[in-house]
Amino acid sequence: MNAAVRHPEVVAAVAERLRTAGLPSPDADARWLVEHVDGVVGDPVGCGAALLDGLVARRLAREPLQLILGKAAFRTVEVAVAPGVFIPRPETEVVAGIAIDAARAAGGRPRVVEPCTGTGAIACSLLAEVPGVEVLATDVDPAAAALATRNLAVVPAAHGARGEVRHGALLDPVDPAWRGTVDVLVANPPYLPAADRGSWQPEVADHDPDRALVGGEDGHEVVDALLALAAAWLRPGGTVVLEIDERRGSDALAQAARLGLIDARVERDLTGADRAIVAVRPA
Ligand SMILES: C[S@@+](CC[C@H](N)C(=O)[O-])C[C@H]1O[C@@H](n2cnc3c(N)ncnc32)[C@H](O)[C@@H]1O
């Protein structure tokens, strides 16, 4: 029996503290924290009580739950998270799913590049869910590249799937021989405008790195750069999938059209918000 079921009174007390402080998901957070302490010391009540109290205090100080637990669930995998590296979000699971479908549809040994990998969550999902895939992920932040490397090394990879992470900007670290041969380019790049700073919840403002969030003054610099790279690096018929700001769907479609990409569409996330631009390099 899990700890949250064994000790409902502890879960309820923690949830009440979080709820009183105005945290958004007190019941789920309380269950996670109690389970975590049980996993560490085998008892969230006796010898684990002080540890639980310390973790609740961190959450009350608006540290993200995933940082407290040291991990985040993402589709079928679990990735390690660390301070200073962007925490994967549920909406990105939809973006990864579109790329996974495109890679599977490509068949054979699909070649996928994933710039802006952060923890490597998208690359890990590709490895776990696409047999034979060859994934190359990059990040400009050395701490992110190192963490993603560790996450890729332990993910249960599908048959024949291979992945690697390189440190560097966008596709700079990718072998030039891959130009024009890539089946799928997928990314969740920084895409918020600089003017959004100041409107973020403390979990975001105090813990996600600025360069993971802001895509230049207008927010679209990295998305535009990646669409241009897709037009050059995809094979004819290859697919680009980029997470976008829900307010910028029509801008992304217009940019894809300017670059000569075809079959462009905007996909929504589970909340119904415009969340990804998908387009194809013409044959
Ligand atoms: C929004 S986070 C996404 C991380 C991860 N893909 C995810 O969805 O959880 C954006 C990431 O892009 C990286 N980044 C920002 N500018 C970059 C650039 N020019 N080239 C490569 N990576 C970049 C940041 O370091 C950060 O890890």
Side-chain angles (χ1 to χ4, degrees), residues 64-67 70-100 112-128 135-152 155 163-174 184-194 196-197 200-201 203-205 207-230 233 240-246 248 267 269-270 275-277:
L65 180 72
Q66 296 92 330
L67 275 185
K71 63 185 180 185
F74 190 85
R75 291 180 63 87
T76 65
V77 300
E78 191 174 272
V79 292
V81 301
V85 179
F86 182 87
I87 297 167
R89 305 292 207 273
E91 54 268 33
T92 307
E93 294 178 307
V94 174
V95 179
I98 299 166
I100 285 164
V112 181
V113 291
E114 196 236 333
C116 305
T117 197
T119 59
I122 296 175
C124 286
S125 290
L126 281 151
L127 270 187
V135 186
L136 182 54
T138 75
D139 203 290
V140 76
D141 174 3
L147 179 60
T149 300
R150 291 199 293 281
N151 279 325
L152 259 70
V155 77
E164 186 187 341
V165 183
R166 293 188 191 156
H167 171 226
L170 302 184
L171 299 189
D172 287 359
V174 182
V184 180
L185 187 161
V186 55
N188 172 20
Y191 55 69
L192 296 175
D196 276 12
R197 290 188 186 112
W200 299 326
Q201 293 294 316
E203 285 87 345
V204 176
H207 296 279
D208 282 323
D210 193 75
R211 74 173 151 191
L213 300 168
V214 174
E217 272 310 298
D218 79 343
H220 239 235
E221 275 175 23
V222 187
V223 170
D224 287 350
L226 287 171
L227 286 171
L229 285 167
W233 283 74
V240 57
V241 186
L242 303 181
E243 185 163 327
I244 56 167
D245 185 336
E246 64 191 79
R248 302 299 293 270
E267 292 277 352
D269 64 22
L270 297 175
R275 189 53 65 204
I277 169 94

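Just so you know, these numbers use all the heavy atoms, side chains as well, and skip hydrogens, waters and symmetry mates. Residue numbers start at 1 and run along the sequence shown. Please read these numbers as outputs of a predicted model, since none were measured by experiment. In each ligand, atom 1 is the first atom listed, and ligand 1 is the first ligand listed.
- Here the CD1-CG distance, from I277 to D245, works out to 13.0 Å after rounding to the nearest 0.5 Å.
- A salt bridge links R89 with D208: the distance from a Lys NZ or Arg NE/NH1/NH2 to an Asp or Glu carboxylate oxygen falls below 4.0 Å.
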Name each N or O atom in ligand 1 that is under 3.5 Å from a protein N or O, and give the partner atom and the distance.
from	atom 1	to	atom 2	distance (Å)
ligand 1	6 (N)	E114	OE2	3.4
ligand 1	6 (N)	C116	O	2.8
ligand 1	6 (N)	T117	O	3.4
ligand 1	8 (O)	N188	ND2	2.9
ligand 1	20 (N)	L170	N	2.9
ligand 1	22 (N)	V140	N	3.2
ligand 1	25 (O)	D139	OD1	2.7
ligand 1	27 (O)	D139	OD2	2.7

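- Screening L242, I122, V95 for a side chain to side chain contact (heavy atoms under 4.5 Å, CB included) with N188, the sole residue that qualifies is I122.
- Among the candidates E91, E246, E243, the single residue satisfying the side-chain hydrogen bond (donor to acceptor under 3.5 Å, both in side chains) test with R275 is E246.
- The main-chain N or O of P64 is never found under 3.5 Å from a side-chain atom of E203 such that the two would form a donor-acceptor pair.
- Between the side chain of T138 and the main chain of A169, no donor-acceptor pair closer than 3.5 Å is present.
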